[in-house]
Amino acid sequence: MCGRFDLTASMDELIQEYGGVPVEQLEPCYNIAPSRNILVARQENVIGIRWLYLRWGLIPHWEDHVNTGYKLFNAVAETITEKTSFRDCFAARRCIIPATGFYEWKQADGGPNVPYRIRLKTGKPFAFAGIYNKWKPPEGGEPIESCSIITTTPNKVTRPIHDRMPVIRVPPTFMLFCTLRKSQKLKAQHVLGL
DNA sequence: CCAGACGTTGTT
DNA sequence: GTCTGG
DNA sequence: CCAGACGTTGTT
DNA sequence: GTCTGG
């Protein structure tokens with residue numbers, strides 16, 4: 001899961017890593033929570049990569065009131081193409097959400113919940129996979145754009161702490177590629193593009 | 001057909 | 001808006 | 001996700 | 001315990 005994260009990287013660092021044109025930058029924050037406006041980057045026609053702030057907590061477009069209804073701050077990757085609330089967003093409106101770390105809570109033996117921060121060894125920023133949406137108030141007025149972070153099963157680092165973690169985009173410098181042996185076949189989920 | 005749900009998490 | 005359950 | 005609140009009255 | 005606000 002991912003219900004809280006931090007972002008302390010500069011806009012310059014983010015632009016260098018992901019491209020696009022700088023926008024106003026908020027104070028570095030170690031405690032970003034659902035319902036806050038968070039920085040995202042998305043691909044737009046004509047202008048290309050655009051940085052902007054969206055409300056964290058997806059509001060389905062049929063919702064009647066902005067203050068009621070579900071708080072969709074996470075979307076389970078395994079079922080995202082089946083869920084009414086996420087399917088169209090996933091097909092057409094994806095974004096990345098930059099972060100320098102995320103928090104997971106683990107209950108100490110019968111004790112209180114203890115937060116852990118998970119981050120890259122280098123301290124560099126990385127990005128969550130996200131989806132976004134536009135909600136128009138039935139009574140008229142300003143539309144609200146909102147987003148949700150996609151979650152998946154944990155990797156080795158996160159597994160001891162929690163059974164879910166955000167789908168992460170790691171900078172290209174952390175990656176390599178290799179060719180496949182004949183016996184290896186690609187499955188649909190390998191090419192989803194997350 | 002209409003009515004009602006539409007989500008995640010953790011906890012039990 | 002769209003799917004599920006009755 | 002956590003932190004913090006968690007009400008009533010009369011009137012429409 | 002459960003809901004709301006951040």
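What you see is a predicted model, and the numbers here were worked out from it, not measured in a lab. Every chain is numbered from 1 and lettered A, B, ... according to where its sequence line falls, protein lines coming before strand lines.
- In this structure, Ser146(A) OG and Trp135(A) CH2 are separated by 9.5 Å, a value rounded to the nearest 0.5 Å.
- To the nearest whole angstrom, the two P atoms, one in dT12(B) and one in dG1(E), are 9 Å apart.
- Computed from coordinates, the Glu82(A) CD to dA5(B) P distance equals 21 Å when rounded to whole Å.
- Between Tyr70(A) and dC6(B) there is a side-chain polar atom (N or O) within less than 4.0 angstrom of OP1 or OP2.
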Polar pairs (N or O, both sides) under 3.5 Å between protein and nucleotides 3-6 of chain E?
residue	atom	partner	partner atom	Å
dG6(E)	N9	Ser35(A)	OG	3.4
dG6(E)	N7	Ser35(A)	OG	2.6
dG6(E)	N2	Arg4(A)	NH2	2.3

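- Between Ile32(A) atom CD1 and dC1(D) atom C1' there is a gap of 13 Å when expressed in whole angstrom units.
- Separating the C1' atom of dC3(E) from that of dT9(B) is a span of 15 Å, rounded to the nearest Å.
- Between the CG atom of Asn133(A) and the C1' atom of dG7(B) there is a distance of 14 Å, given to the nearest Å.
- The aromatic rings of Phe128(A) and Phe126(A) sit perpendicular, their planes meeting at an angle over 60°, well past the 30° parallel limit.
- The aromatic ring of Trp62(A) sits over the base of dG1(C), with ring centres less than 5.5 Å apart and planes tilted by under 30°.
- For the pair Arg119(A) and Phe102(A), the cation-pi criterion (under 6.0 Å, within 45° of the ring axis) is not fulfilled.
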Candidate pair Gln25(A) and Leu39(A), rule side-chain contact (heavy atoms from CB on, under 4.5 Å), full reasoning: CA-CA 9 Å; Gln25(A) 183 165 35; Leu39(A) 183 65; 5.7 Å; no
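- Look at the C1' atom in both dC1(D) and dG7(B): the space between them is 14 Å, to the nearest Å.
- If you take CG of Asp88(A) and C1' of dG1(C), they are 8 Å apart, rounded to a whole angstrom.
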Could you pull out all donor-acceptor pairs under 3.5 Å where a side-chain atom in residues 47-63 of chain A meets a protein atom, sequence neighbours excluded?
residue	atom	partner	partner atom	Å
Arg50(A)	NH1	Glu44(A)	OE2	3.0
Trp51(A)	NE1	Gly19(A)	O	2.8
Tyr53(A)	OH	Glu24(A)	O	2.9
Tyr53(A)	OH	Leu26(A)	N	3.3
Trp56(A)	NE1	Phe73(A)	O	3.0

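- Glu63(A) comes within 4.0 angstrom of nothing in the nucleic acid, heavy atoms only.
- At the heavy-atom level, Asn37(A) lies nowhere under 4.0 Å from the strands shown.
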side-chain contact (heavy atoms from CB on, under 4.5 Å) assessment of Gln107(A) paired with Val114(A): CA-CA 6 Å; Gln107(A) 186 167 19; Val114(A) 179; over 6 Å; no
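- Set against dT11(B), dC1(D), dT8(B), the side chain of Asn74(A) has dT8(B) as its closest nucleotide.
- For Arg87(A), the side-chain atoms get nearest to dT2(C) when compared with the rest of dT2(C), dT9(B), dG1(C).
- Across all strands, Thr151(A) comes closer than 4.0 Å only to sugar-phosphate atoms, never to a base (heavy-atom distances).
- Computed from coordinates, the Lys106(A) NZ to dT11(B) C1' distance equals 15 Å when rounded to whole Å.
- Backbone-only contact: Asn113(A) has heavy atoms under 4.0 Å from sugar-phosphate atoms and none from a base.
- Here, dT8(B) and dG5(E) have their P atoms 23 Å apart, quoted to the whole Å.
- Rounded to whole angstrom, the span from the CZ atom of Phe128(A) across to the P atom of dC1(D) amounts to 15 Å.
- By the stacking rule of 5.5 Å between ring centres and under 30° between planes, Phe73(A) does not stack on the base of dC1(D).
- Using a cut-off of 4.0 Å between Lys/Arg side-chain N and Asp/Glu carboxylate O, Glu145(A) and Lys136(A) are scored as not salt-bridged.
- As the counterpart of dT4(C), dA3(B) is assigned, both hydrogen-bonding distances of the Watson-Crick or G-U wobble pattern falling under 3.5 Å.
- Note on Thr84(A): a base of the nucleic acid sits closer than 4.0 angstrom, heavy atoms only.
- Rounding to whole angstrom units, CD1 of residue Ile80(A) and C1' of dT8(B) are separated by 13 Å.
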Trace of the side-chain hydrogen bond (donor to acceptor under 3.5 Å, both in side chains) decision for Asn74(A) with Thr151(A): CA-CA 6 Å; Asn74(A) 285 160; Thr151(A) 65; 5.3 Å; no
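- Phe86(A) has its CZ atom 18 Å from the P atom of dA5(B), to the nearest Å.
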